[in-house]
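Keep in mind the model is a prediction, meaning the values are calculated, not measured. Residue numbers count from 1 along this sequence.
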Amino acid sequence: MKVLLTGAAGFIGTATATALRGVGHEVVPVDALVPQAHARPVTEPEGVHVLDVRQARDWSGLLSGVDVVCHLAAMVGAGVTVCDLPLYAAHNDLGTAALLAAMSESGVSRFVQASSMVVYGEGRYRCPAHGDQSPAPRRVEHLDAGLFDNGCPLCGRLLGWEAVTEDAVLDPRSSYASSKVAQEHYAAAWARQAGASAISLRYHNVYGPGMPRDTPYSGVAAIFRSAMEAGRAPLVFEDGLQMRDFVHVEDVARANVAAVEAVLGRHRGSHTAYNVCSGQPVTILDVARMVTAAAPGSPLPVVSGDYRLGDVRHVVASPARASAELGFTARISPEIGLARFARDPLRA
């Protein structure tokens, strides 16, 4: 099968290209080499077509004979400032729309894309007295007072978290999250209008070898690792008890392959989203501890009590749909993967 892979030179793209080729698929690799995701000075990887996805309507030659497009190219991270909004809208919203239009013009009708757990905003919560609840964004005065947990809007009791499923209401709370919701909506609309089929994979916190270091757009695991290597204690925001799901990049690559192979059999007009997660939630403080414990002599994590506006408290995913429909189950537990991550090679 011939797969056009955008973002092919990136962290997840590199692992996905290797996984696709490993099971016999032909890969057409494309990457714009945006500086937020790549080392400086940027060098062009051998064999990669250096192209901007926003110009995808000029790619008719590359799309010829392609069976599936796997779209990983995106601006990632929570955004450093609100001034990043145009970057997310340009690369993620416009880029995806341009790619889908180019696919239709070239007769390519199967699409897999990277989405994110950030589309959920806060995860799933339950009050012992009032059942499922959707908490509003946390108030600044509460965060200033160190009150980080969500309370029931009806009675004020602390809400307990539960695993969020793909049918949850989407509630983006950052520029990146808004762009990922837009990408999913474009894919769903394109599938219906073009008589095509699409899959969106909602990655949870991805980590592993090849992750970018020393950039504010990196994930928290890489930020902890960079602090440790600089001899600084990793700083953990809030009280460190935020729950997340950390999934290894090798597992994410396997999920991408499973989706690429599955989308060929989907009925036309369909769009389906899947969580891609380990199914083994951990606290952010435990992530910092696992990374530092694997490097004896490293400074211990420090819980700062600081917070970032727009961060959510708990997001933990259900892996059930991906397991049942894609045959995907993560193989690398956070305990093993995060210990390895303390020694994994990172991007400069």
Side-chain angles (χ1 to χ4, degrees), residues 5-13 16 30-40 42 50-57 69-103 111-123 137 168-190 198-207 211-212 214-223 237 244 252 256 271 273 275-276 307-312 315 347:
L5 177 66
T6 73
F11 167 44
I12 297 173
T16 299
V30 176
D31 202 296
L33 302 179
V34 296
Q36 288 84 355
H38 295 273
R40 296 187 182 96
V42 174
V50 182
L51 298 167
D52 191 321
V53 72
R54 293 170 291 183
Q55 306 301 320
R57 297 185 81 163
V69 169
C70 183
H71 179 39
L72 308 185
M75 274 288 296
V76 299
V80 177
T81 74
V82 293
C83 294
D84 286 330
L85 277 164
L87 287 174
Y88 288 100
H91 288 279
N92 299 0
D93 299 40
L94 176 59
T96 300
L99 178 57
L100 292 168
M103 289 171 60
F111 182 66
V112 172
Q113 72 174 345
S115 186
S116 171
M117 57 92 171
V118 297
V119 300
Y120 296 122
E122 288 283 357
V169 174
L170 304 186
D171 183 19
R173 299 192 179 184
S174 70
S175 49
Y176 174 56
S178 298
S179 72
K180 283 296 169 183
V181 171
Q183 284 186 261
E184 291 199 20
H185 287 169
Y186 280 123
W190 168 82
I199 288 175
S200 296
L201 299 176
R202 293 173 181 167
Y203 303 154
H204 285 250
N205 295 269
V206 186
Y207 69 97
M211 196 172 187
D214 298 329
T215 162
Y217 297 90
S218 292
V220 68
I223 292 170
F237 282 2
R244 295 291 190 273
V252 173
N256 289 340
H271 170 260
N275 290 326
V276 175
Y307 62 87
R308 296 187 305 179
L309 286 174
D311 278 358
V312 297
V315 187
R347 291 174 184 244

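For the pair Leu33 and Ala9, the tightest heavy-atom approach, listed with the atom from each and the gap, is CD2-CB, 4.0 Å. Pairing each heavy atom of Pro212 with each of Ala222, the nearest pair is O-CB, 3.4 Å.
Within the 4.5 Å cutoff, the side chain of Leu5 has heavy atoms near those of the Thr16 side chain. Contact of the His271 side chain with the Ile199 side chain is not registered, since no non-hydrogen atoms from C-beta on lie closer than 4.5 Å. For the pair Val34/His91, a side-chain contact is recorded, criterion being any heavy-atom separation below 4.5 Å from C-beta on. With a 4.5 Å cut-off on side-chain heavy atoms, Asn256 and Leu72 count as touching. Contact check for Asn205 versus Met117: side-chain heavy atoms found under the 4.5 Å cut-off. Using a 4.5 Å cut-off on side-chain heavy atoms (C-beta onward), Val30 and Val53 make no contact.
Qualifying salt bridge (Lys or Arg N to Asp or Glu O under 4.0 Å) partners for Glu122, counting only residues two or more places apart in sequence or in other chains: none. Annotation: salt bridge (Lys or Arg N to Asp or Glu O under 4.0 Å) contacts of Arg244 (sequence neighbours excluded): none. Remark: Thr96 engages His71, Gln183 in a side chain to side chain donor-acceptor pair (under 3.5 Å) (not counting sequence neighbours). For Val206, the side chain to side chain contact (heavy atoms under 4.5 Å, CB included) partners two or more places apart in sequence, or in a different chain, are Phe11, Ile12, Tyr203, Val247, Val249, Val252. Not counting sequence neighbours, Asp93 has no partner by the side chain to side chain donor-acceptor pair (under 3.5 Å) test. Legend: residues meeting side chain to side chain contact (heavy atoms under 4.5 Å, CB included) with Ala97, ordered by chain and number and at least two apart, are Tyr186.
To the nearest 0.5 Å, atoms OG (Ser179) and CG (Leu94) are separated by 12.0 Å. Between atom CG of residue Asp171 and atom OH of residue Tyr120 there is a gap of 12.5 Å, rounded to the nearest 0.5 Å. Interatomic distance, NE2 of His204 versus OG of Ser116, reported as 7.5 Å (0.5 Å rounding). Rounding to the nearest 0.5 Å gives a distance of 8.5 Å between CG of Leu201 and OG of Ser115. Distance check, rounded to the nearest 0.5 Å: CG of Asn92 to CE of Met75 gives 7.5 Å.
Within the 3.5 Å criterion, the main-chain N or O of Ala114 finds a donor-acceptor partner in the side chain of Lys180. Tyr88 contributes a side-chain N or O that, together with a main-chain N or O of Val76, makes up a donor-acceptor pair within less than 3.5 Å. Looking at Thr6, its side chain does come within 3.5 Å of a backbone N or O of Ala73 through a donor-acceptor pair.
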Applying side chain to side chain contact (heavy atoms under 4.5 Å, CB included), run through Val181 and His185 and close with a yes or a no. CA-CA 6 Å; Val181 171; His185 287 169; 3.5 Å; yes

Working note: Val69 + Leu99, criterion side chain to side chain contact (heavy atoms under 4.5 Å, CB included); need CA distance, chi angles, decisive distance, verdict. CA-CA 9 Å; Val69 169; Leu99 178 57; 3.9 Å; yes

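Relative ring orientation between Phe111 and Trp190 is described as perpendicular, the plane-to-plane angle rising above 60° on a 0-90° scale split at 30° and 60°.
Side-chain atoms of Ser200 and Glu184 form no donor-acceptor pair, as typed in the model, at a separation below 3.5 Å. The closest side-chain donor-acceptor pair between Asp84 and Ser175, if any, does not fall under 3.5 angstrom.
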